[in-house]
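Read through the structure below, which is laid out as structure tokens, and then see the notes.
Quick note on labels: first sequence line is chain A, next is B, and so on, each numbered from 1. No hydrogens, no waters, no symmetry mates; every other heavy atom, side chains included, goes into these values. Keep in mind that what you see is a predicted model, and the values were worked out from it rather than measured.
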There are 2 protein chains.
Amino acid sequence: MTQPIPDDFFDPACPSSAMPIRVGEKWGGMVVVLLEKGPLRFTELKRPMRAVTSKVLTETLRSLERDGMVTRTAYAEVPPRVEYELTDLGRTLLGPIQACRDWATANLPALLEARAGWDG
Amino acid sequence: MTQPIPDDFFDPACPSSAMPIRVGEKWGGMVVVLLEKGPLRFTELKRPMRAVTSKVLTETLRSLERDGMVTRTAYAEVPPRVEYELTDLGRTLLGPIQACRDWATANLPALLEARAGWDG
DNA sequence: CTGTATCCGACACGATACTG
DNA sequence: CAGTATCGTGTCGGATACAG
């Protein structure tokens, strides 16, 4: 944004408004990061994300799958095996996610300090 | 993340978990971008964000203020004048926000196409 | 101009129990 | 192993009206 601010800066078609579509999700970014180095099974995702329930993890994965970020491959075996893998499109999320992680690492302490001062 | 995935990848103290604190907010990013080039008054923020109500914009600004991203300066005049300005800390958000905007510009069409295919 | 005060609906998230 | 089914809760965003 180096242009002057127009009166209709808020345009539903503006790509920026899509940020929350994927980044705003609570567990989505974590799944993407976990899948960075290769496909993982449902349980392999769930274990490190200890606070997530099966239901919510399933919802998160379906959402990522719907948006073309992740593929789901089920193998007809007993016991069942399902693998989740990043698509090329999903891989493009790694950049912005890393930018957010770097920001948090550098600036979260300052944020928390400001918040503590405001609250207390 | 180039390290092996630990079993306790989910750590509440992990800075990454703070991403939604600021970026996940619906209007927060927009306010930061609008303030990039200098302080603005309440109405000057509200006008371009046409879909936002006074209540929600106020909540957003209070939240940014609480986290030390924005300062609020009220002038004892009639009619009242209030100016909002980015802090140095708030300015650090511009990087990750821009990364998300760039991502959306480049990849939102592919996302929507995938979604349409999944839904239809 | 810069907000507050209510009320409300939607939805994300979670707890718990159960299944092929 | 990889989910589904139900139910409950809280929070966010929005509509509307009003105020200093």
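If you take CG of A/Leu45 and P of D/dA2, they are 9 Å apart, rounded to a whole angstrom. The nearest whole Å value for the distance from the CE atom in B/Met49 to the C1' atom in D/dG13 is 12 Å. Distance, A/Leu57 CG to C/dT16 P: 18 Å, rounded to whole Å. Counting to the nearest Å, the P atom of C/dC1 and the CG atom of B/Leu40 are 14 Å from each other. The CD-P distance, from A/Glu59 to D/dT6, rounds to 14 Å in whole Å. In this entry the distance linking CD of B/Glu83 with P of C/dC1 reads 14 Å, nearest Å.
The nucleotide whose nearest atom lies closest to any side-chain atom of A/Thr53 is, among C/dT2, D/dA2, C/dT16, C/dT16. In the set D/dC1, D/dG14, D/dG20, D/dG14 carries the atom at the smallest distance from any side-chain atom of B/Trp27.
A/Trp118 and A/Leu108 fall into different hydrophobic clusters, where Ile, Leu, Val, Met, Phe, Trp and Tyr are joined by side-chain heavy atoms under 4.5 Å apart, directly or via other members.
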Side-chain donor-acceptor distances from residues 74-83 of chain A under 3.5 Å, at least two apart:
{"unit_1": "A/Glu77", "atom_1": "OE1", "unit_2": "A/Arg81", "atom_2": "NE", "d": "3.3"}
{"unit_1": "A/Glu77", "atom_1": "OE2", "unit_2": "A/Arg81", "atom_2": "NH2", "d": "3.0"}

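At distances below 3.5 Å, not a single donor-acceptor pair connects side-chain atoms of A/Ser63 with backbone N or O atoms of A/Glu59. When atom types are taken as modelled, the side chain of A/Thr87 and the backbone of A/Gly68 share a donor-acceptor pair closer than 3.5 angstrom. Using modelled atom types, no side-chain atom of A/Glu113 and backbone atom of A/Ala110 make a donor-acceptor pair closer than 3.5 Å.
Recorded end-axis angle for the helix from C/dC1-D/dG20 to C/dG20-D/dC1 stands at 50°, based on five pairs per end and rounded to 10 degrees.
The side-chain hydrogen bond (donor to acceptor under 3.5 Å, both in side chains) search around B/Thr92 returns A/Trp103, not counting sequence neighbours. Here B/Arg91 pairs with nothing under the side-chain hydrogen bond (donor to acceptor under 3.5 Å, both in side chains) rule; sequence neighbours left out. Under the side chain to side chain contact (heavy atoms under 4.5 Å, CB included) criterion, B/Asp119 pairs with A/Arg66, B/Arg115, not counting sequence neighbours.
Rounded to the nearest 0.5 Å, atoms CG (B/Asp88) and CE (B/Met69) are 11.5 Å apart.
OP1 and OP2 of C/dT2 both lie 4.0 Å or more from every side-chain N or O belonging to B/Arg81.
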Polar atom pairs (N or O), protein with nucleotides 3-9 of chain C, under 3.5 Å:
{"unit_1": "C/dG3", "atom_1": "OP1", "unit_2": "B/Arg72", "atom_2": "NE", "d": "3.2"}
{"unit_1": "C/dG3", "atom_1": "OP1", "unit_2": "B/Arg72", "atom_2": "NH2", "d": "2.4"}
{"unit_1": "C/dG3", "atom_1": "OP2", "unit_2": "B/Tyr84", "atom_2": "OH", "d": "2.7"}
{"unit_1": "C/dT4", "atom_1": "OP1", "unit_2": "B/Arg62", "atom_2": "NH2", "d": "3.1"}

